[in-house]
Each structure stands twice: as structure tokens, then as C-alpha cells.
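In the text below, chain A, chain B and the rest are named by the order of the sequence lines, each starting its count at 1.
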Amino acid sequence: MGNSWMDPDLGPEVAELTEQYMAKKIGRRQFMKRMGVAGVGVAAAASILAACGGDDEPDTTAATAAATTATTAAASDGGADTTQAAAPAETTATTEAAMMGPVSGGTLREGYNRDVSKHDPATTNWYDPAFFAIYEAILSNDPSGATVPQFASGYSASDDGLEYRFTIPEGKLSHSGGTINAEMVAEFYRSIQTYSFIAGLAAPVDTYEADGNEVVMKMKNPWVGALGPHKTGYWRIVNINTWKEHSITADGELNAASTYGTELADGTGPFTHEEWVPGSHVLVRRWDDYPGSETPFFDNKGPAYLDAIRWTVITEAGQRATQLENGDIDTLINPAHQDIGRLESNSDLTVIRHPEWSGYHLAMNRDYPEYFGDRLTRQGLSHALDREGMVQAILFGNGAATYGPFPTTDRNYESAVEQYNQFDLDLANQKLDRAGWTMGSGGVRERDGVRFEFRYLVEDETVQKSVAEAVQAQFANVGVRANLDVVDRALAFEQQSGPGRDSVEMSLFFWLWPIPLDVLILFGGSQFIPVPNFSHAVEPRVDDAIASWQTSATEAQAQAAASQFQLAWAEELPYIPLMNQNATFVHNNKVHGWQPFVWNLYPYYNDTWIEA
Amino acid sequence: MADGTPTHLEAWNLQLAEFEESSRVGPARAALGRMRRNKLLLLGTALGLIVLGAGVLGPIISGADPAFQSFASTLLPPGSEGYLLGTDHLGRDMAVRVFIGIRVSLMVAAGVTLLSLVLGLVLGMFGGFLGGWADRTIRGAVDFVWGFPLILVAVLFAGGLGEGLFPVILAVGLVNTAAIARVVRGEVLSLSEREFVEAARAGGLSTARIMWRHLFPNILAPALVLASYYVAVAIIAEAALSFIGLGAQPPTPSLGGMVSDGRNFLQQNHWGATIPGITIVLLVLAVSLIGDGLRDVFDPRLRHEAKGVDEE
């Protein structure tokens with residue numbers, strides 16, 4: 001077996017420094033300094049440090065992530081972007097209390113920009129920050145993006161890439177008090193394969209079995225991306241007995257009326273489910289019997305410091321910053337883009353920004369072929385959209401235009417997609433003309449007696465509504481009338497998910513995922529019609545690229561498949577890509593150990609504490 | 001009197017003078033004369049004409065598209081070059097959007113008023129004059145509707161018919177109908193006891209004829225006065241429903257929707273919310289002043305009370 005996280009392929013200088021540190025020949029500060037000289041990033045060094053077992057000195061370094069911009073008024077000089085992680089002393093240790101170290105108690109009040117999802121990894125269509133408090137994944141990403149154990153104490157992969165083994169330590173419990181062993185984890189993973197609509201993310205996985213204290217994952221084929229899905233919210237570990245009791249009927253079907261995830265949840269994380277009120281809030285409480293974490297980059301391996309965490313749903317963008325400034329909340333996920341500069345100039349707050357693996361896309365239901373059946377029409381619509389303008393006007397520059405499915409910051413980004421979908425009104429009109437659309441009455445195009453007018457669904461959230469309105473007006477410029485229908489989140493998903501023409505003609509949706517290709521497979525793969533392939537698009541080129549991705553045994557093959565996928569998407573347009581936004585996290589400086597970083601989407605709360 | 005309130009005798013003499021004038025010039029001209037002397041009515045009318053003019057003529061004069069976006073010119077304050085009232089977060093011309101918003105508000109108000117006035121008159125007259133099961137049924141229905149908050153009714157209609165102006169008109173119109181029907185019914189009950197109705201009955205006139213020829217003209221004026229009050233209610237209701245997303249849908253601008261959009265950018269450019277907010281205030285103020293003025297002119301009882309005449 002190789003590839004254990006314990007044996008990173010470190011350069012000799014780094015390995016030597018690590019040995020010296022572990023032998024206590026050098027201190028933490030010296031270690032960090034010399035790592036920097038060796039060319040290792042702050043976050044990566046912090047990760048190694050954490051993996052070595054931490055230190056007796058106060059550690060705030062890991063509060064910032066790779067590729068993260070963290071600024072305070074003192075550090076940022078007006079909030080200008082930097083590519084350096086902010087110095088630890090500038091971001092956190094601001095008061096005497098902070099220097100004294102963590103204290104237990106208090107409720108963290110966190111503002112969240114979305115409505116809440118059902119706390120059931122196997123059946124939810126989105127996972128929220130609460131998943132990182134209630135549940136643990138078998139593995140996680142550390143601040144540098146490296147894979148490290150979380151619920152498992154270690155893992156290994158066979159040299160042929162066909163088998164992965166995850167070691168489950170003894171004594172692991174769930175909130176209900178039940179023991180969680182390898183067999184139970186394997187069974188829950190099998191349940192995901194059977195019941196979860198998102199199971200296709202890990203399609204190359206063949207079976208999950210238990211072998212003693214190990215979960216054995218056998219692959220259909222070698223796949224470099226095999227671990228990716230297992231670090232996300234959808235594969236978080238649930239007590240399978242509790243889950244089955246509530247979620248599976250006597251016939252073995254999924255129980256649509258299950259209260260699992262709404263009235264109860266039985267995870268292994270440091271907090272227990274308490275209240276779940278859609279449109280309002282979620283409350284979790286500290287689990288005092290938490291048996292401890294295997295996650296190397298957590299300083300706190302025991303029960304959480306916080307008594308509770310309360311997420312407040314704030315879908316009105318303008319309200320988020322105000323609530324933080326007024327002291328109604330302590331931390332905030334995604335303030336309105338227009339408020340970020342103001343928050344950065346507030347010396348009581350710390351703003352952390354990083355590129356986000358996300359995107360706004362337009363789904364076009366192909367079961368309305370009279371509108372979206374031909375590529376020329378889709379391309380015409382796409383050329384009508386001024387993405388750069390929307391980034392500036394709606395995101396206040398806090399994001400980037402996307403001409404293909406990936407955000408530009410992704411490591412697999414294929415810049416050749418930029419030859420497609422550029423804003424060009426003349427080209428848009430030409431393509432629509434060539435597609436047979438002629439200008440009709442009221443400035444709306446017609447083809448074969450059909451007016452180019454359709455329903456256009458958007459979720460009721462401030463930024464999404466702005467994006468939708470901007471798109472609507474730009475479509476009108478080329479004679480296309482999109483009748484906007486703003487609905488709440490649950491209804492939006494329902495109306496996007498129907499078969500055939502039961503699903504809405506066009507919808508705006510936003511995806512958020514640490515590995516773009518994994519999730520875009522679901523939106524673009526023909527086997528995922530009608531949901532979550534909201535476009536009902538069958539694109540052979542896209543399907544071929546998906547197959548290549550899910551059989552890529554090396555990074556080079558994965559990159560080739562990713563490029564193939566992006567180019568096919570950008571040209572065939574199963575969806576029209578628009579833009580992605582940067583993720584922004586803000587915390588009151590009295591909050592410590594709150595560590596949002598780019599690879600996991602949300603922060604963990606094991607180390608979080610609040611000054612008394 | 002020292003405090004300016006007319007004495008009973010002064011008020012009586014004033015009424016007498018008005019009566020003599022109306023006897024000399026006819027009721028219509030007398031009413032016109034009273035309207036000309038009513039400063040609040042004149043102020044309201046002037047304000048109303050300005051706002052109405054902006055709503056009707058503004059978009060025609062400017063010729064601009066309220067949905068046109070200029071991403072390079074977002075959140076500009078009033079007086080910026082080329083933009084009289086500035087721009088919103090998507091770079092749309094606020095002036096044109098406010099003009100269209102006024103038009104939408106007035107359209108909704110007109111629709112609501114027409115609907116509630118016609119239905120309210122019919123239901124109130126039938127209930128009040130026919131009595132019995134008809135009255136009980138209508139009264140029950142009116143009380144039922146009256147018991148629902150407007151927002152809830154609007155949400156129910158939006159759920160059934162989708163968001164937009166039509167459900168808003170129906171919802172607000174229905175709730176206002178209940179209000180008007182209650183008042184009309186009360187008036188009809190009172191009028192039914194009067195001698196001229198008794199005489200009509202004794203003369204063998206049919207129920208329909210009595211209602212149409214004798215009751216309707218007598219309740220039309222108070223119903224119109226009441227309706228004028230509900231125009232303001234309708235404008236506020238439309239703004240409130242648009243504010244929460246149930247009213248006009250994009251790209252149609254509405255004043256409430258603009259306030260809702262603008263409040264997210266108060267720190268960057270508060271005009272996006274304050275301009276449509278002020279417009280709503282002016283619109284409602286104009287309609288209220290006109291309504292109060294009309295009440296003073298056409299509802300003698302209230303007019304007398306206002307002038308300090310003790311009815312007893």
C-alpha cells in the first residue's frame with residue numbers, strides 16, 4: 001500500500017525540518033520561518049505543523065487558508081487584495097483574552113446567506129455549514145488542500161488504484177450513543193449508492209465493505225478523484241441504524257415523510273442537532289461526550305469550546321453586514337458584495353476572502369426544443385450576455401466571468417474556453433437570425449410561429465435575483481423575452497426537477513463544490529436527467545468527457561478529461577455559464593479558531609471559541 | 001370665538017349662505033364652488049396632477065427603456081449626467097423607472113377601486129335592502145374576508161394565480177370590497193327607513209327599481225368618498241406587496257419593488273430607495289388630500305361636523 005497521508009512526498013529539506021521540529025530541536029516559529037525559506041506556503045507549513053501534533057505555543061496560523069486573503073483594517077490598508085495569507089497576529093490575537101487561549105462557553109451566532117437544507121447527507125440537495133458541526137467525513141482537506149483523516153484514523157490506497165482502505169478507530173460514537181464501526185460506515189455508504197441522487201459523484205466506486213476495523217472501497221477502475229466526494233457533505237457519516245429507522249420504509253424504499261435531518265440527526269461531529277427552522281435558523285449544541293477528532297489540523301481534539309451555534313438565515317444581502325456590525329451575529333458567510341469594502345475597514349472585524357469553486361449557470365430545458373433544441377440558438381443567447389459587466393455591477397468585482405463551466409481559479413481550468421461565449425451583440429443577433437428566429441411583434445423573435453418567450457425561474461435570493469434580472473434585460477436586447485418567476489428555494493428545486501416539460505423552460509442556478517468537475521457531471525451527464533440535469537441535455541461530447549474523467553488514473557489524464565469536458569460544455573452549451581463569485585467570510589475579532597478555507601467550502605467549529 | 005372655532009350661530013349662517021348660493025346657482029355649481037374654496041383639495045389636486053403627469057408623460061418625454069442597463073453607470077446619485085434621478089444597482093435610469101412605477105401604482109389603484117366599488121355597492125345594496133338570507137350570506141362573506149389580513153389574501157392569490165399585478169388587484173380589491181360593502185349596507189339600512197323609500201314601496205315600485213332609482217343615487221356620493229380613501233390604501237398595498245415580491249414582476253418597475261431593491265444599497269446610494277419611497281408618500285398624500293377634500297364637499301354631515309355644528 002502507498003500514498004498514505006503519513007508519508008507525504010516532501011522534499012528532503014522539508015522532511016529534515018519536520019524531523020527537527022518533532023525532535024524539539026527547533027521551535028514552532030523557527031520551523032515556520034525556515035519552511036518559508038524552503039518555499040513552503042504558510043498554510044501548508046501550518047498543516048504539517050498540525051499533523052506533527054501541534055505546539056505548546058498559541059497557534060493561530062491555520063486560521064487562514066491557502067489562496068486566502070484575510071484582512072483587517074490594520075493589515076489591509078483599505079481592503080486591497082493580496083495573495084498572501086494575513087499574518088496570524090494581525091488576524092486574530094487582538095486582545096489579552098485571545099492571548100490567554102481558548103475558553104469554553106457561549107453561543108456562536110452565524111449569519112448564513114442561504115436558506116437551510118435538510119440535515120441528511122444522503123437525501124439533501126445542498127449541504128450547509130451545520131453539516132461541518134453535526135457530522136464528520138471519513139477524510140477531509142487540510143488548509144493546504146491535502147487529504148487528511150477525519151473520522152478515520154488513517155487511509156491507504158492500493159498501488160493499482162482499485163482499492164482504498166479507511167481505518168475506523170475503536171470507541172467511535174454517534175450522538176444517540178450508538179457505536180459506529182467499519183461495517184456501519186460501509187453500510188451507510190452503500191445506502192448513499194442506493195438512495196442518494198448525488199451518488200453519481202462517485203460512480204467509479206464499485207463496492208463498500210467492512211474488513212475488521214477497515215472500510216474497504218473497491219473501484220470499478222482506477223480514478224484519481226476517488227477521495228474527492230468522500231470529503232464532502234454528502235458522504236458525512238451518519239449512524240446508519242438511526243437513519244434507516246426513519247428514512248427507509250418496510251419495502252426498502254426511501255421514506256418521503258422522513259423526519260431525519262429536520263427533527264433529528266445522528267452524526268458523529270462535536271455538535272448535536274437541536275432546532276431546524278427553514279427560512280429562520282438552525283441551532284446545534286455541544287456534544288459533551290464527543291470522543292475526539294482524528295483531524296490533524298484541529299488544535300482541539302476534544303469536545304468543542306462553544307456551547308452552541310446558531311445559524312441565522314439572512315437571504316436579504318443588505319441585512320447581513322448590518323447584523324454583523326450591530327452585533328446581532330458574530331460571524332457571517334457571504335456578506336453582500338457591495339458591503340465587503342466597508343466591513344474590511346472595520347477594525348473590529350476580520351474579512352477572509354478566497355476564490356470559490358462555484359458558478360451561476362442558466363439551465364435550458366431541452367424538452368422545449370422549439371426554444372433551446374439547437375446549438376446556434378443557445379450560442380446566440382450566450383453571446384448576448386455581458387459577463388464582465390455583470391461581475392462588476394452585481395458582484396462589485398468580487399468574482400470572475402466564466403466562459404466555460406469551471407471557475408478560472410480551478411487547477412484544471414482550461415483557458416481555451418474563452419474563445420467561446422464572449423459578449424458580442426452583433427454575433428448574438430446573427431446566430432439567432434441564422435437559427436431561423438426573425439423579429440416579430442413587440443420586439444420578440446419568432447420561429448415557425450413560436451414566439452421566443454418563456455418562463456424563467458430564479459430562487460428568491462438577492463444576488464440571484466439581480467443576476468436573473470440582468471440576464472432578462474440582456475435577452476430582451478436580442479428579441480428574447482424571459483418572463484421572470486421568483487420563487488423560494490424549495491419550490492425552485494421542485495420546478496426545476498420535473499421530467500420532460502413538467503420542468504420549467506429556463507432557470508438560473510448556482511452550484512458550489514470544491515471539485516467542479518465532480519458536481520458538473522451531475523448537471524451535465526445524460527444519465528442524470530431530469531435531476532439534477534435540469535437542462536435535460538444529452539450531449540455525447542460531454543458524456544464522453546465524463547467517462548474520461550471517471551476513468552482517469554493519473555493527474556495528466558484527469559487534466560485532459562477536464563479540458564475535454566470544459567471545451568465540450570463551452571461549445572455545446574448544455575447550460576450557459578455566467579460567472580463565479582469569491583467566497584467571503586467575516587468574523588468579529590472576539591471569535592477565534594474559526595477557519596473557513598477554500599477546499600472545504602465552510603469552516604469547522606472544533607477550534608472555535610469566543611472571548612468572554 | 002377666540003380659538004377660531006365658529007360658534008353655532010356662525011356655522012349656521014355659513015350653511016345658510018351656502019344653501020342660498022346652491023339654491024341660486026344649482027347643486028353642481030355650488031359643489032364646484034366649494035371645491036374651489038377647499039385649499040386641501042386644491043393642494044391635493046395640484047400634487048396629484050404633477051404625479052399623474054410624471055406617470056403619464058414622463059416615459060413618453062424621456063423615451064428611455066426602464067429595463068435598459070448600463071453596467072458602467074450603476075448607483076449614480078440624482079443629477080448625474082444623463083440621469084435626472086440617478087441609476088440603480090443595474091445601471092437603470094431611476095427617473096424612467098419611477099415614472100413607470102407611478103403608472104403601475106395608479107393602474108393598480110384604479111383597478112382595485114373599480115372592482116371594490118362595483119362589488120361593494122352591489123353587495124352592500126343587496127344585503128342592506130333585501131335583508132334575510134341574502135343579507136346574512138353577504139354579511140358572513142364580508143366578515144369572512146374582513147377577517148383575513150391583506151397580505152395573507154395576496155399570498156393566497158399569488159399562490160393560485162402566480163405573482164403579478166392581476167392577483168394584487170384581485171386581493172386588494174376583494175379586501176376593499178368588504179370595507180365598502182359594510183358601509184354601503186349600513187347606509188342602505190338607514191335609507192330604507194326613510195319616507196321616500198316607503199313612498200316608493202307604497203307606490204308599487206319594484207325592488208330593483210327602488211334600489212336603482214332611489215337608493216343608488218343616495219349612496220353613490222358617500223361610496224365615492226369612501227372609495228377615494230381606498231385609492232390610497234390600494235397604492236400602499238400595491239407598494240407593500242411589490243416590496244415583498246408579490247406585485248409587479250421584473251422587468252416592470254414598481255415603486256415598492258424599487259424600495260426593496262434599493263434598501264440593499266443604502267450605504268452606497270440611498271437614493272435608490274428614498275426616491276421611490278418619497279414618490280409613494282407624495283402619491284398617497286395627493287390621493288388622501290383629494291379624498292378628504294371630496295368628503296368635505298360631498299358629505300354634508302361630515303362637513304357640518306367639521307365646522308362645529310352639533311347635529312343634535
Side-chain angles (χ1 to χ4, degrees), chain A residues 314-322 325 335-343 345-346 384-397 401 423 443 455-463 465-477 481-488 491 495, chain B residues 63-76 86-93 96-97 100 155 158-168 241-254 256-274:
Chain A
I314 317 174
T315 54
E316 288 297 337
Q319 291 297 309
R320 293 175 203 143
T322 306
E325 289 166 325
H337 299 283
Q338 63 270 23
D339 293 329
I340 293 172
R342 190 174 87 246
L343 295 173
S345 67
N346 186 333
L385 300 173
D386 178 4
R387 294 166 175 79
E388 301 287 351
M390 287 194 284
V391 168
Q392 294 308 317
I394 298 169
L395 304 183
F396 287 73
F423 174 50
R455 193 158 77 99
Y456 171 29
L457 195 74
V458 63
E459 183 182 324
D460 190 3
E461 189 272 334
T462 308
V463 180
K465 279 194 291 186
S466 289
V467 174
E469 272 194 71
V471 166
Q472 180 190 41
Q474 291 173 91
F475 280 169
N477 292 338
R481 182 171 293 169
N483 296 317
L484 203 54
D485 192 1
V486 183
V487 298
D488 68 37
L491 194 59
Q495 297 195 358
Chain B
D65 178 359
F68 179 78
Q69 303 166 346
S70 172
F71 292 141
S73 311
T74 58
L75 299 172
L76 295 179
T87 59
D88 71 1
H89 64 295
L90 292 175
R92 296 175 294 199
D93 190 329
V96 183
R97 292 179 68 75
I100 300 283
V155 168
L161 302 171
E163 290 95 355
L165 293 179
F166 183 61
V168 168
L241 293 172
S242 292
F243 183 86
I244 62 171
L246 293 178
Q249 296 298 298
T252 306
S254 69
M258 291 168 73
V259 173
S260 176
D261 287 344
R263 78 197 149 126
N264 285 313
F265 303 94
L266 287 175
Q267 302 274 350
Q268 290 76 29
N269 176 28
H270 68 83
W271 296 107
T274 49

*Measure Ser466(A) against the heavy atoms of chain B and call it side chain, backbone, both or neither at under 4.5 Å.*
both
_Under 4.5 Å from a heavy atom of chain A, the part of Leu75(B) involved_ = side chain
*asked:* I need the minimum non-hydrogen distance between Asn264(B) and Gly318(A), along with the two atoms involved.
replied: OD1-N, 2.7 Å
*Asp261(B) versus Glu469(A): any side-chain heavy-atom pair under 4.5 Å?*
yes
_Set of salt bridge (Lys or Arg N to Asp or Glu O under 4.0 Å) partners for Asp485(A), sequence neighbours left out_ = Arg455(A)
*Checking heavy atoms, do the side chain of Phe396(A), its backbone, both or neither come under 4.5 Å from chain B?*
side chain
_Side chain / backbone / both / neither for Arg342(A) at chain B, heavy atoms under 4.5 Å_ = side chain
_Qualifying salt bridge (Lys or Arg N to Asp or Glu O under 4.0 Å) pairs with a residue from residues 67-76 of chain B, counting only residues at least two apart or across chains_ = none
_Heavy-atom closest pair, residues Phe71(B) and Ala470(A)_ = CZ-CB, 4.0 Å
*Gln268(B) and Asp339(A): which non-hydrogen atoms are nearest, and at how many Å?*
NE2-OD1, 3.4 Å
*First locate atom NE2 of His337(A), then atom NE2 of His89(B), and finally report the distance between them rounded to the nearest 0.5 Å.*
12.0 Å
*Can any side-chain N or O of Gln267(B) pair as donor or acceptor with the backbone N or O of Gln338(A) at less than 3.5 Å?*
no
*Heavy atoms only, distances under 4.5 angstrom: which of Gln249(B), Arg263(B), Gln69(B) has the most pairs with chain A? Name it, please.*
Gln69(B)
*Please answer whether the main-chain N or O of Pro250(B) pairs with a side-chain N or O of Gln472(A) as donor and acceptor at a distance below 3.5 Å.*
yes
*Could you look at Ile394(A) and say if it's the side chain, the backbone, both or neither that has a heavy atom under 4.5 Å from chain B?*
side chain
*Looking only at heavy atoms, which two atoms of Ala67(B) and Ala473(A) are closest? And how far apart?*
O-CB, 3.5 Å
_Asn483(A), part contacting chain B, at a heavy-atom distance under 4.5 Å_ = neither
